[in-house]
Q: 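Take a look at the following structure, please.
Just so it is clear: chains get the letters A, B, ... in the order the sequence lines come, proteins before strands, and each one is counted from 1.
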2 protein chains.
Amino acid sequence: MLEMSAEGHESQMLMARAAWLYYVAGFNQEAAAKRLGITRARINKLLADARESGLVSIQINQAYVGLLPVEEELRSRYGLDFCVCTPELGQTDAGDQGEAAEEFLRGYAFRAVGMAAAAHLKRHLQANRTAVIGTGWGRTLEQMTLNSTGISAPDARFISLMGSLTANSAYNPFEVVHALARATGGEGHFLPVPFIADSAADRQVLLAQRSVQQALVLAREATVAYISIGELTETSLLRRQEMISADQLVSLRAAGAVGDTNGLFFDAAGSPVDHELNSRTIALGFDDLRQTNVIALVAGVAKQHAADAFLRSGVARGLVIDGDTALRILGK
Amino acid sequence: MLEMSAEGHESQMLMARAAWLYYVAGFNQEAAAKRLGITRARINKLLADARESGLVSIQINQAYVGLLPVEEELRSRYGLDFCVCTPELGQTDAGDQGEAAEEFLRGYAFRAVGMAAAAHLKRHLQANRTAVIGTGWGRTLEQMTLNSTGISAPDARFISLMGSLTANSAYNPFEVVHALARATGGEGHFLPVPFIADSAADRQVLLAQRSVQQALVLAREATVAYISIGELTETSLLRRQEMISADQLVSLRAAGAVGDTNGLFFDAAGSPVDHELNSRTIALGFDDLRQTNVIALVAGVAKQHAADAFLRSGVARGLVIDGDTALRILGK
DNA sequence: GTCGGGATCTTACAAATGTCAAGTTTGATT
DNA sequence: AATCAAACTTGACATTTGTAAGATCCCGAC
């Protein structure tokens with residue numbers, strides 16, 4: 001049930017050996033296959049899996065590939081300490097307007113922002129051996145974990161700022177913290193409760209648990225917190241995961257909500273909306289976040305309005321965003 | 001004259017952008033070419049250059065791919081603190097006995113050992129922020145520098161343990177130290193004198209220089225030293241670089257020499273031979289090295305006997321070696 | 001101005017890689 | 001022992017990548 005990562009050292013080892021032969025020794029896939037006594041097709045898949053799972057990571061050592069002027073404009077507009085902006089792609093090709101291009105851009109954005117966030121995390125950990133890292137959830141955070149391999153930080157602690165999903169996806173807060181802790185050698189801590197309680201009363205009960213209180217104390221001590229912004233549409237991750245129903249989405253929008261972060265819904269001015277869901281979410285609230293060094297991660301043009309709204313709240317001190325969304329926010 | 005690295009930010013930037021589009025954004029070379037307005041052939045070359053120059057580095061995050069039993073045997077045989085052994089390739093393919101296979105293995109060995117050494121360096125720097133790293137020269141060290149990108153160590157110092165070549169190759173001690181310093185953000189220091197002085201008397205004059213003395217003081221403080229072993233044949237790097245003449249090679253062998261490290265020639269027992277060249281070499285001597293945490297780097301089966309001899313000297317405390325050479329040393 | 005020389009482009013082709021459908025093995029389940 | 005599903009192999013194919021040869025272009029040296 002714990003998926004891929006736990007499924008066995010066997011294939012881990014094979015992936016590593018294949019990757020070694022291919023990337024280090026310079027074998028081609030056919031030679032590597034012969035060497036390991038398996039088929040080329042399998043080598044091919046192993047290599048793909050190895051990259052996907054972050055076992056082999058490719059890093060570009062370059063001071064700058066981002067969009068300096070755009071970063072500066074966003075920084076000053078929202079009063080941020082810093083802003084990192086990945087390169088923009090614009091339309092990928094003349095022909096394809098639709099689905100495919102959208103989907104492609106989306107995937108690119110997660111990876112790009114995740115990678116940039118991982119670089120930021122790396123710097124933070126190097127400057128601060130005993131850092132306490134707060135994290136959110138989502139595909140951007142997942143990508144961040146995949147690009148955090150090779151960072152060593154045995155004295156760091158990672159703490160989820162929110163409860164867990166029920167489904168065990170790779171972008172579950174639990175998995176995010178776990179992956180980061182494993183990658184860096186640090187400690188992982190969780191909020192051992194659901195993301196959204198069944199009622200406000202239940203929330204109180206859950207919050208009162210001693211283990212939850214302990215986790216929240218640690219969460220408030222975070223030296224940096226990486227949280228991602230969610231949009232509020234039928235195609236958003238919250239909906240796909242069925243964390244909220246279609247009806248709830250409608251009522252949230254009616255209450256003025258335009259997006260969420262860690263399950264807290266906010267309006268166009270970045271203020272939490274008055275909606276019963278907000279009284280059931282278990283996560284560090286805006287007031288706590290304001291005391292924290294919050295880095296907002298924004299990936300994908302669908303989040304344009306939600307990101308703009310959240311940034312207006314003044315909660316974020318830093319921003320990592322993909323170029324395309326950044327340009328749209330600035331109306332360019 | 002200063003080659004590639006200095007030739008311009010122009011192509012650096014282009015390489016980085018191409019690498020970004022290809023590796024991060026997931027464009028294929030054709031799409032990336034269109035995006036940057038250049039031909040696919042150029043993208044292809046840019047990407048190859050980017051990998052070659054270490055601008056993009058590929059890392060495999062795996063605890064172990066080496067040869068545990070072989071490492072243990074080498075470790076105990078030579079009384080080492082540790083031994084790392086890269087995977088062996090054996091004969092690459094049934095058909096090709098000759099040149100091509102040899103050459104291939106050779107290139108593989110440099111890369112593999114360089115990469116493993118870089119990993120060791122990384123660990124050392126993480127455990128020891130103010131480390132002083134002594135280095136030798138050669139193709140293995142060059143590969144080590146290429147795989148050291150992305151390590152941050154602003155308080156570390158790198159010091160060459162020997163004088164410079166006259167030609168400015170990428171494996172010149174000067175270049176090795178420079179590359180490491182640049183990659184990690186640390187300080188680079190050199191012995192600003194030739195590798196081999198024209199006479200023993202000249203050597204004394206050069207050694208007496210204040211700047212040389214200062215450098216040697218630092219070199220003796222090294223917390224770890226990475227030096228590579230050279231074989232003593234017509235095809236060795238020393239000969240190819242014309243650091244020694246064919247006649248000198250013959251007389252060295254006559255004096256019992258089987259290899260060198262940093263230009264110091266030793267016999268089958270690992271003791272420095274009595275030869276005039278050894279009185280002209282400017283490098284940290286065996287006595288100083290014995291006070292230092294010396295890691296020997298051995299890449300390539302040609303170095304089998306030289307490596308065995310050097311290890312007998314007891315100067316080395318650690319060993320990084322490619323699997324094929326390791327197996328031959330053990331007679332397997 | 002003009003004469004190299006090097007880098008880039010164009011074009012074409014060879015090699016390597018990614019992918020798929022269909023058959024086979026393997027091992028767990030019943 | 002029979003059955004099933006997952007993982008793997010086989011063989012074939014489409015796409016992508018690597019590379020070479022000649023044509024051009026650009027730039028500095030003379």
Q: Is the gap between the ring centers of B:Phe190 and B:His178 under 6.0 Å?
A: no
Q: Could you give me the CA-CA distance, side-chain angles and deciding distance for A:Ile43 and A:Tyr22, then say whether side chain to side chain contact (heavy atoms under 4.5 Å, CB included) is met?
A: CA-CA 9 Å; A:Ile43 285 279; A:Tyr22 187 74; 5.6 Å; no
Q: Five pairs per end, C1' atoms only: what is the angle between the end axes of the helix from C:dG1-D:dC30 to C:dT30-D:dA1, to 10 degrees?
A: 30°
Q: Please walk me through it: do A:Leu327 and A:Val70 pass side chain to side chain contact (heavy atoms under 4.5 Å, CB included)?
A: CA-CA 7 Å; A:Leu327 288 169; A:Val70 174; 3.8 Å; yes
Q: If a protein heavy atom is under 4.0 Å from the base, mark B; if only from the sugar-phosphate, S; if neither, -; do that for nucleotides 21-27 of chain C going 5' to 3'.
A: -------
Q: When you look at A:Lys45 and A:Asp49, which way does the salt bridge (charged side-chain N to carboxylate O under 4.0 Å, His left out) test go after all the steps?
A: CA-CA 6 Å; A:Lys45 188 169 179 331; A:Asp49 290 349; 3.0 Å; yes
Q: Just the rounded figure in Å: distance from P of D:dA6 to NZ of A:Lys45.
A: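 That distance rounds to 13 Å.
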Q: Categorize A:Leu47 for me: base, sugar-phosphate, or nothing, with a 4.0 angstrom heavy-atom threshold over every strand shown.
A: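 Result for A:Leu47 = nothing.
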Q: Is there a side-chain contact between B:Leu121 and B:Leu180 in this structure, where contact means two heavy atoms from C-beta onward sitting under 4.5 Å apart?
A: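 Yes - at least one pair of side-chain heavy atoms lies under 4.5 Å apart.
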Q: Report the C-alpha separation of A:Glu88 and A:Asp322 in whole Å, then their side-chain angles, then the decisive distance to 0.1 Å, and conclude whether the side chain to side chain contact (heavy atoms under 4.5 Å, CB included) test is met.
A: CA-CA 7 Å; A:Glu88 102 280 14; A:Asp322 69 278; over 6 Å; no
Q: Atom CG of A:Leu21 to atom C1' of C:dT17: distance rounded to whole Å?
A: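 The answer, rounded to whole Å, is 17 Å.
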Q: Using whole Å, what does the distance between atom C1' of nucleotide C:dA7 and atom CG of B:Leu46 come to?
A: 12 Å
Q: Send over the distance from A:Arg51 CZ to C:dG18 C1', rounded to a whole Å.
A: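 Nearest whole value for this atom pair: 10 Å.
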Q: Aromatic ring centroids of A:Phe195 and A:Trp137 under 6.0 Å?
A: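 A:Phe195 vs A:Trp137: aromatic centres under 6.0 Å.
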Q: Return the value, rounded to whole Å, for the distance between atom CZ of B:Arg42 and atom C1' of D:dG18.
A: 17 Å
Q: Tell me if the CD atom of B:Glu72 is crowded by more than 12 foreign heavy atoms within 6.0 Å.
A: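 Yes, enclosed.
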Q: One pair to check against side chain to side chain contact (heavy atoms under 4.5 Å, CB included): A:Val113 and A:Val298. What are the steps and the verdict?
A: CA-CA 7 Å; A:Val113 174; A:Val298 177; over 6 Å; no
Q: Between A:Thr86 and A:Ala116, which heavy-atom pair has the shortest distance, and what is it?
A: CG2-CB, 4.2 Å
Q: Compare all side-chain heavy atoms of B:Val320 with those of B:Tyr226 and state whether any distance is below 4.5 angstrom.
A: no
Q: In this structure, how many angstroms lie between the P atom of D:dT19 and the CD1 atom of B:Ile43, rounded?
A: 16 Å
Q: Enumerate all atom pairs, one protein N or O and one N or O from nucleotides 15-17 of chain D, separated by less than 3.5 Å.
A:
from	atom 1	to	atom 2	distance (Å)
D:dT16	OP1	B:Asn28	ND2	3.3
D:dT17	OP1	B:Tyr22	OH	2.9
D:dT17	OP2	B:Gln29	N	2.8

